[in-house]
Amino acid sequence: MTQHFEALVVNKQENDFSLSIQQLSLGDLPEGEVLIRVHYSGVNYKDSLATIPNGNIVASYPIVPGIDLAGVVVSSKDPRYKEGDEVIATSYGIGVSHFGGYGEFAQIPAEWVVPLPEGLTLKEAMIIGTAGFTAALSVMRLEQNGVTPDSGNVLVTGATGGVGSFAVSILSKLGYSVEASTGKKSEHAYIKELGATKILSREDVYNGTLRPLGKQKWIGAVDPVGGDPLASVLSQIIYGGSVAVSGLTAGTNLPTTVFPFILRGVNLLGIDSVNCPMETRLQVWKRLATDFKPSHLKQLIQQEITLKELPTVLPTLLKGEARGRTIVKL
């Protein structure tokens, strides 16, 4: 087996910051029980943050980013995995404090590894990636809180992004009536193709004025946006409904009142895919391989790129130019 491989390496020392494709050896990899030959990775907003000087998510340098990876086990010190097993690894410290998927090899702690479920290929798993996993976890939490296809319309904000696109696709496949919000008029056809029954502008969700309570419109919502738009969404949820929030592209502050919660019984559900318990993680991936598996996986790929193209593509997510998923073939 080759002892050297290519990886995207980010380094920062005082005022010196670098991002480059480098030759690494297997000995450069951090400790972990499972050595994986990476076949695919994905491009996420978090990955873009990891490759800029002020992204504030990398624990220590140098780092190989890439919070998603799927590949084949080369060797394992853990009896649960053997050479040739197809596996997925996402979240935890991957690509942030532990070398991630933007290298041809990765060495991962066994407790972070998920066997590839029957019904998914390695490529499909990375089309889904953390974005699809987060969307699926959001939908599952809505289900657990009583949101059903018969209980009312469901809103998806940021509908052209990774989480939003997958949420629209999953919800529509399950029979929900999905209202999708976006600021990109050019992407209306794409969102319709994913199964949205109605497309809303950002102003339809939040027009710049926050009210303690508004007209009740949606029984549930998947929100990767946060900020003022989330506060507006909460004020418009139907009595007893729920909002699953997973992002902060519109900001970290939430200027709401207690009224949606104490007068309408609205549930605000926090969605964390990073430290999601393994039992739940396995359930989500199983459903992504079965009833949650999007019918529009090909449409959800914006592009498939190589390792060398990553430095050019990563900044597009920070500019809000991404649509669906970009995957990296290694």
Side-chain angles (χ1 to χ4, degrees), residues 2 4-12 16-26 28-29 36-55 57-58 61-72 86 88-91 94-96 98-108 120-134 158 160-166 184 186-187 190 249 294 296-330:
T2 180
H4 291 86
F5 63 94
E6 287 192 332
L8 180 72
V9 180
V10 180
N11 204 357
K12 183 180 181 181
D16 185 27
F17 183 86
S18 64
L19 171 69
S20 62
I21 307 294
Q22 297 182 18
Q23 285 280 328
L24 299 183
S25 70
L26 295 180
D28 293 322
L29 293 173
I36 300 167
R37 173 67 172 91
V38 180
H39 286 220
Y40 291 95
S41 186
V43 180
N44 301 278
Y45 188 81
K46 200 170 184 180
D47 298 317
S48 297
L49 288 175
T51 57
I52 60 174
N54 57 346
I57 65 161
V58 174
Y61 294 95
I63 189 75
V64 174
I67 64 172
D68 296 339
L69 64 92
V72 176
E86 294 183 316
I88 307 165
T90 66
S91 306
I94 298 170
V96 176
H98 190 98
F99 283 17
Y102 293 165
E104 294 173 312
F105 288 89
Q107 196 156 257
I108 304 295
L120 286 179
T121 66
L122 292 173
K123 182 175 181 178
E124 288 174 336
M126 283 299 96
I127 296 172
I128 293 169
T130 292
F133 179 90
T134 303
T160 60
V163 175
S165 293
F166 273 96
K184 301 174 182 176
S186 60
E187 302 295 354
Y190 165 70
T249 55
H296 314 88
L297 274 176
K298 289 183 179 179
Q299 291 92 324
L300 285 160
I301 301 180
Q302 181 181 18
Q303 56 186 333
E304 181 177 317
I305 64 172
T306 65
L307 194 61
K308 289 181 172 60
E309 293 173 284
L310 264 172
T312 303
V313 173
L314 282 161
T316 63
L317 273 76
L318 300 176
K319 298 174 184 175
E321 297 171 358
R323 186 191 85 173
R325 288 282 287 167
T326 294
I327 60 171
V328 187
K329 185 176 183 180
L330 292 113

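Note: hydrogens, waters and symmetry copies are ignored here, and every other heavy atom, side chains too, is used.
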J.: Using every non-hydrogen atom in the two residues, find where Gly95 and Ala50 come nearest and quote the distance to one decimal.
T.: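 In this case the closest contact between Gly95 and Ala50 is O-CB, 4.3 Å.
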J.: Return yes if a side-chain donor-acceptor contact under 3.5 Å exists between Asn11 and Ser18, otherwise no.
T.: no
J.: On a heavy-atom basis, which atom in Pro65 and which in Val10 lie closest, and how many Å separate them?
T.: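 Looks like CG-CG2, 3.6 Å.
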J.: Which heavy atom of Ala131 sits nearest a heavy atom of Asn44, and at what distance?
T.: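 Looking at all heavy atoms of both residues, the closest pair is N-OD1, 4.0 Å.
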J.: Check whether Lys123 reaches the backbone of Tyr40 with its side chain - one donor and one acceptor, N or O, closer than 3.5 Å.
T.: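 The answer is no, because no donor-acceptor pair under 3.5 Å joins these two groups.
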J.: Any side-chain heavy-atom pair from Tyr102 and Leu69 closer than 4.5 angstrom?
T.: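 Of all side-chain heavy-atom pairs linking Leu69 with Tyr102, none is under 4.5 Å.
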J.: List in chain and number order the residues that pass side chain to side chain donor-acceptor pair (under 3.5 Å) with Glu104, two or more places apart in sequence or in another chain; answer none if no residue qualifies.
T.: none
J.: Drop me the distance from Leu307's CG to Leu8's CG, to the nearest 0.5 angstrom.
T.: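 Those atoms lie 6.0 Å apart.
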J.: Take Phe5 and Gln23 through the side chain to side chain contact (heavy atoms under 4.5 Å, CB included) test and state the conclusion after the steps.
T.: CA-CA 6 Å; Phe5 63 94; Gln23 285 280 328; 5.9 Å; no
J.: Is there a side-chain contact between Val72 and Leu122 (heavy atoms, below 4.5 Å)?
T.: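 A side-chain contact under 4.5 Å exists here.
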J.: For a 4.5 angstrom cut-off between non-hydrogen side-chain atoms, does Phe133 reach Ile88?
T.: no
J.: Minimum heavy-atom separation for Ile94 and Gly100, please, with both atom names.
T.: CG2-CA, 3.6 Å
J.: Measuring only between side-chain heavy atoms, which start at C-beta, is Glu6 closer than 4.5 Å to Lys308?
T.: yes
J.: Nearest heavy-atom pair of Leu300 and Pro294: which atoms, and what distance?
T.: CD1-CB, 3.9 Å
J.: Side chain to side chain donor-acceptor pair (under 3.5 Å) with Lys298: which residues, sequence neighbours excluded?
T.: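 If we apply the side chain to side chain donor-acceptor pair (under 3.5 Å) test to Lys298, skipping adjacent residues, there are no hits.
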J.: Look only at the side chain of Ser48 and the backbone of Pro315, and say whether a donor-acceptor pair between them is shorter than 3.5 Å.
T.: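 Not a single qualifying donor-acceptor pair exists.
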J.: Within the 4.5 Å heavy-atom criterion, are Pro311 and Thr51 side-chain neighbours or not?
T.: no
J.: Compare all side-chain heavy atoms of Tyr45 with those of Leu318 and state whether any distance is below 4.5 angstrom.
T.: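 Of all side-chain heavy-atom pairs linking Leu318 with Tyr45, at least one is under 4.5 Å.
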J.: If we count only N and O atoms by modelled type, under 3.5 Å, do the side chains of Thr312 and Glu309 hold a donor and an acceptor together?
T.: no
J.: Enter the distance from Ile128:CD1 to Thr134:OG1 here, rounded to the nearest 0.5 Å.
T.: 12.0 Å
J.: To the nearest 0.5 angstrom, please state how far the OG1 atom of Thr160 sits from the CD atom of Glu187.
T.: 6.0 Å
J.: Can you name the one residue among Val9, Val64, Asp28 that meets side chain to side chain contact (heavy atoms under 4.5 Å, CB included) with Gln22?
T.: Val9
J.: How long is the straight-line distance from NZ of Lys329 back to CD1 of Ile305, given to the nearest 0.5 Å?
T.: 13.0 Å
J.: With heavy-atom distances below 4.5 Å as the criterion, would you say the side chains of Gln303 and Val313 are in contact?
T.: yes
J.: What's the separation between atom OG1 in Thr249 and atom CG in Leu317, rounded to the nearest 0.5 Å?
T.: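 Thr249 OG1 to Leu317 CG: 11.5 Å, rounded to 0.5 Å.
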J.: Could you tell me whether the side chain of Asp47 and the main chain of Ile67 form a donor-acceptor pair under 3.5 Å?
T.: yes
J.: Can you see which heavy atom on Ile327 is nearest to which on Met126, and at what distance?
T.: CG2-O, 3.4 Å
J.: Who are the side chain to side chain donor-acceptor pair (under 3.5 Å) partners of Thr90, not counting sequence neighbours?
T.: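 Scan of Thr90 (side chain to side chain donor-acceptor pair (under 3.5 Å), adjacent residues dropped) gives Arg281.
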J.: Looking only at atom types and distance, does a side-chain atom of Ser165 sit under 3.5 Å from a main-chain N or O of Gly162, one as donor and one as acceptor?
T.: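 Not a single qualifying donor-acceptor pair exists.
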J.: I'd like to know if the side chain of Arg325 and the backbone of Ile127 have a donor-acceptor N/O pair within less than 3.5 Å.
T.: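 Answer holds: yes.
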